[in-house]
Amino acid sequence: MSRAALVVIDVQESFRQRAIWAYASQPDIVGQVDRLVTAARHRGDLVIWVLHAEPGSGGVFDPANGHVRLIDGLAAADGEPTLVKTSHNAFTTTNLQQLLTLAGIREITVCGIRTEQCVETTARVGCDLGYGMTFVTDATVTFPTPHRDLPATATLAEILADPRTLSAGEMTARTEYALAGRFATVRTVAEVTGARSVAVGVRG
């Protein structure tokens, strides 16, 4: 086992149950994640899968409704842990740090859903804990994000029509800007899997 790990965050069926999935920034997230997983396994890196759950909520993240599972096309191999979190980042409500410590991991690559929420916060917390973090930007998914003043009852059509709504591309760009050179190295799937080796930013 190497001293590196790939952490796949919230690439789960829950998100595909929402109408806004049609506006996902990276519709081929399964293909992108699969490339990362295949490369990680080939290198002997630890692959850790993380799912998000909101027990008792009655929504798409309630395990009782059957959507808290990996998106079809992805599957954990024997020996690859699957953790279930209830916070945004993958550390706070799981034993992720313990698993990493026991495996001697010092370098972590993260990908998944959502770019600026669960994946970004995991990168930030991981950096604060002393890990070298790599954020694979085109193996993350986000969606158009409404302005904070838009009512919670706003429909998808109203969100998309509001000029204050940030596009998925804008959300991704802002996340890259916030992380690169501060909390993580921002790279692409091609770079991480060996097609190219130029990084967007280096953790300071």
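Just the heavy atoms: all of them, side chains too, but no hydrogens, waters or symmetry mates, feed the values below. These numbers come from a predicted model, not from an experiment.
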For this session: Side-chain contact test, heavy atoms from C-beta onward, threshold under 4.5 Å: evaluate it for E116 versus F143 and give yes or no.
Result: no
Problem set entry | Sub-4.5 Å side-chain heavy-atom contact between K85 and T92 | no
For this session: Nearest 0.5 Å please: distance from the CZ atom of R69 over to the CG atom of L74.
Result: 11.5 Å
Seminar exercise, completed: Here the pair of heavy atoms bringing A53 nearest to T86 is O-CG2, 3.4 Å
Exercise. Taking only residues two or more places apart in sequence, or in another chain, which ones meet R18 in a side-chain contact (heavy atoms from CB on, under 4.5 Å)?
Worked result: F15, I20, V60, F61
For this session: Taking T109 for its side chain and L6 for its backbone only, find out whether a donor-acceptor pair lies under 3.5 Å.
Result: no
Exercise. Is a side-chain donor or acceptor of T140 paired with a backbone partner of T137 at a separation under 3.5 angstrom?
Worked result: yes
For this session: Check whether any side-chain N or O of D62 sits under 3.5 Å from a backbone N or O of S57 as a donor-acceptor pair, and report yes or no.
Result: yes
Exercise. Can you find a heavy atom in the side chain of L100 that is under 4.5 Å from one in the side chain of F91?
Worked result: yes
Exercise. So, for A76 and L70, which heavy atoms are closest and what is the spacing to 0.1 Å?
Worked result: N-CD1, 4.0 Å
Exercise. Are the charged groups of E170 and R174 less than 4.0 angstrom apart, N to O?
Worked result: no
Exercise. Where do V11 and G112 come nearest, in terms of heavy atoms and distance?
Worked result: CG2-CA, 3.6 Å
For this session: Give, for atom CD of E120 and atom CE of M133, the distance between the pair rounded to the nearest 0.5 Å.
Result: 11.5 Å
Exercise. Roughly how far, to the nearest 0.5 Å, is OG1 of T122 from CD of Q117?
Worked result: 10.0 Å
Exercise. What distance separates I159 CD1 from H147 NE2, expressed to the nearest 0.5 Å?
Worked result: 13.0 Å
Exercise. What is the minimum heavy-atom distance between V186 and A180, and which atoms define it?
Worked result: CG2-CB, 3.7 Å
Exercise. Going hydrophobic residue to hydrophobic residue with side-chain gaps under 4.5 angstrom, can you get from L179 over to L166?
Worked result: no
For this session: Ignoring hydrogens and angles, tell me if any N or O in the side chain of R124 forms a donor-acceptor pair with the backbone of A184 under 3.5 Å.
Result: no
Exercise. Do R187 and F135 touch side chain to side chain, with heavy atoms closer than 4.5 Å?
Worked result: no
For this session: Could you tell me whether the side chain of N65 and the main chain of H67 form a donor-acceptor pair under 3.5 Å?
Result: no
Problem set entry | Co-membership, hydrophobic cluster, residues I105 and L129, 4.5 Å side-chain | yes
Exercise. With a 4.5 Å heavy-atom cut-off, do D72 and R16 have their side chains touching?
Worked result: yes
Problem set entry | Heavy-atom pair with the smallest gap, counting every atom of C118 and I9 | CB-CG2, 3.9 Å
For this session: Could you grab the distance from atom NE2 of H52 to atom CD1 of I113, nearest 0.5 Å is fine?
Result: 12.5 Å
Exercise. Do any N or O atoms from the side chain of Q26 and from the backbone of A139 form a donor-acceptor pair under 3.5 angstrom?
Worked result: no
For this session: Could you pull out all residues at least two apart from D28 that satisfy salt bridge (charged side-chain N to carboxylate O under 4.0 Å, His left out)?
Result: none
For this session: Answer yes if V110 and M171 sit in the same cluster of Ile, Leu, Val, Met, Phe, Trp and Tyr residues linked by side chain heavy atoms under 4.5 Å apart, and no otherwise.
Result: no
For this session: With the side chain counted from C-beta on, respond yes when D10 and R114 share a heavy-atom pair under 4.5 Å apart, and no when they do not.
Result: no
Exercise. Can you list every salt bridge (Lys or Arg N to Asp or Glu O under 4.0 Å) pair that touches residues 153-162, not counting sequence neighbours?
Worked result: D162-R164
Exercise. Do Y23 and L150 belong together in a cluster built from hydrophobic side chains that touch within less than 4.5 Å?
Worked result: no
For this session: Report the C-alpha distance between T142 and T115 in whole Å, list the side-chain angles of each, state the deciding distance to 0.1 Å, and finish with yes or no for side chain to side chain donor-acceptor pair (under 3.5 Å).
Result: CA-CA 5 Å; T142 192; T115 305; 4.7 Å; no
Exercise. Stepwise, does the side-chain contact (heavy atoms from CB on, under 4.5 Å) test hold for E107 with Y131?
Worked result: CA-CA 6 Å; E107 302 290 329; Y131 297 100; over 6 Å; no
Exercise. Given the rule that I, L, V, M, F, W and Y join up when any side-chain heavy atoms are under 4.5 Å apart, are L156 and W21 in one cluster?
Worked result: yes
Exercise. Under 4.5 Å between any side-chain heavy atoms of S14 and V68, yes or no?
Worked result: yes
Exercise. Can you tell me how far OG1 of T172 sits from CG of D138, rounded to the nearest 0.5 angstrom?
Worked result: 10.0 Å
